[in-house]
2 protein chains.
Amino acid sequence: MPTDEELRDDAAARLRAAGLRVTAPRVGVLVALERESHADADTVARHVRASLGAVSTQAVYDVLHALTEAGLLRRMEPAGSTARYETRVGDNHHHMICRRCGVIADVDCAGAAPCLAPAHTHGFVLDEAEVTFWGLCPDCQTANEEIA
Amino acid sequence: MPTDEELRDDAAARLRAAGLRVTAPRVGVLVALERESHADADTVARHVRASLGAVSTQAVYDVLHALTEAGLLRRMEPAGSTARYETRVGDNHHHMICRRCGVIADVDCAGAAPCLAPAHTHGFVLDEAEVTFWGLCPDCQTANEEIA
DNA sequence: ACGCTTTTCTGGAATGAGTCAAGTAAGCGT
DNA sequence: ACGCTTACTTGACTCATTCCAGAAAAGCGT
């Protein structure tokens, strides 16, 4: 587990590399998402406030948008949930979501090709295949058995 | 192209088969979605009102939920859009969405197995693999070329 | 260190999808 | 046709998110 300082330094470096100014809220958002991936805007705001003190809601939204735009964050919007963000970008990985508790786990793309080439493209030019697996996480499986 | 009456009769039959009461709003919603698949709640409401007269927004939402629950409709929520519905159920087909105009096309699942079995399941028990392809539809490709 | 530029703050308001609650209407089995 | 049960109506309401505008603060190249 890296220290907060290591995470902050790394976040600052990524911001600079992307040509963005290094500001406390931006670093805070990146650190928050390293600590808790797939968090929504509200959760990110709470994390950032916990470590930085007062940060406006607008600032959080601004930062999330700016960093997503710059390619430092990836935004995902699972059905039935608000927008969520993660720092793992650049590899088109997929997600596994628990139907019961909503926890999200990353999944590496199994076989690259099959998912990217549907039988009929209807003339579409595709640039991304987004895969979401739905099911029950280990905890919720046992919880369900106890009820039954 | 089937007539409205054929669509209504068919919709009523499906409702009865599912053990649901046959009401005008329900039939209207099913017909609307036969005519325009992947419509959102608001679009469905407009279609239904055009053919039935006044129908409350709440009724439309209730019907969409009830029919989804009963398995007569499938609900999808693409990123950046509101919930959309379709009458094609029972075959876990996928979707292709145009980033520019938002049009949605159905896609048969290419190779059944590969998409359903990620490398690492992290202990999850999966029941569905949802695949969304993003790209440009034929119309928007030409539109983009004209701009460039 | 200075000053220009970008970012953030305050805070208020609007939007739009969707939900809750309680009363009214309608389907359908008998 | 009756009446029970389910569905629909009405209207207020929540919630995430966006927009707005001006003022204050902070980053960073020189």
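Proteins come first, then strands; the chains are lettered A, B, ... in the order of their sequence lines, and each starts at number 1. For the numbers below, each heavy atom of this structure counts, side chains included, while hydrogens, waters and symmetry mates do not.
- Formation of a donor-acceptor pair under 3.5 Å by the N92(B) side chain with backbone atoms of E130(B) is not found in this model.
- As judged by a 4.0 angstrom heavy-atom cut-off over every strand, A83(B) is placed among residues touching the sugar-phosphate backbone only.
- One hydrophobic cluster, built from ILVMFWY side chains closer than 4.5 Å, holds both V103(B) and F133(B).
- The number of heavy-atom neighbours closer than 6.0 Å to CD of E36(A), taken from other residues, nucleotides and ligands shown, is above 12.
- Comparing dT5(D), dT19(C), dT9(D) against the side chain of Y61(B) picks out dT19(C) as the nearest.
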What nitrogen or oxygen pairs link the protein and nucleotides 10-15 of chain C at under 3.5 Å?
unit_1, atom_1, unit_2, atom_2, d
dG11(C), O6, Q58(A), NE2, 3.3
dG12(C), O6, Q58(A), NE2, 3.1

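- Spacing between atom CD of E77(A) and atom P of dA16(D) amounts to 14 Å, rounded to whole angstrom units.
- For the pair E69(B) CD and dA7(D) P, the computed distance is 12 Å after rounding to whole Å.
- Close to dG27(C), at under 4.0 Å from its OP1 or OP2, lies no side-chain N or O of R16(B).
- Using modelled atom types, one side-chain atom of Q141(B) and one backbone atom of L136(B) make a donor-acceptor pair closer than 3.5 Å.
- Taking the charged nitrogens against the carboxylate oxygens, R16(B) and D9(B) have no contact shorter than 4.0 Å, which rules out a salt bridge.
- Taking 4.0 angstrom as the limit, H65(A) places a side-chain polar atom (N or O) nearer than this to OP1 or OP2 of dT18(D).
- Residues W134(B) and A79(B) come closest through the heavy atom pair CH2-O, 3.7 Å.
- Although no hydrogens or angles enter the test, the distance criterion places no donor-acceptor pair under 3.5 Å between the side chain of R75(A) and the main chain of Y85(A).
- What separates CG of D42(B) from C1' of dG18(C) is a distance of 12 Å, to the nearest Å.
- Protein atom CZ of R75(B) is 13 Å distant from nucleotide atom P of dA17(C), rounded to whole Å.
- Checking dC8(D), dG18(C), dT7(C) against the side-chain heavy atoms of D62(B) singles out dC8(D) as nearest.
- For the OP1/OP2 pair of dG16(C) and a distance below 4.0 Å, the side-chain nitrogens and oxygens of T82(B) include no atom meeting the criterion.
- A salt bridge links R99(B) and E128(A); the closest N-O separation between the charged side-chain nitrogens and carboxylate oxygens is under 4.0 Å.
- The CG atom of L67(A) sits 17 Å away from the P atom of dT6(C) (whole-angstrom rounding).
- Nearest-nucleotide assignment on DNA chain C puts the 5′-proximal partner with V60(A), out of A24(B) and V60(A).
- Protein atom CZ of R46(B) is 10 Å distant from nucleotide atom P of dA17(C), rounded to whole Å.
- Out of dG18(C), dC28(C), dT7(C), the shortest distance to the side chain of R26(A) is found at dT7(C).
- As a whole-Å value, the separation of L15(B) CG from dA7(D) C1' is 12 Å.
- Scanning atom types as modelled, no donor and acceptor separated by under 3.5 angstrom connect the side chain of R21(A) and the base of dT7(C).
- If you check every strand for non-hydrogen atoms under 4.0 Å, A66(A) touches nothing.
- Protein atom CG of D40(A) is 8 Å distant from nucleotide atom P of dA16(D), rounded to whole Å.
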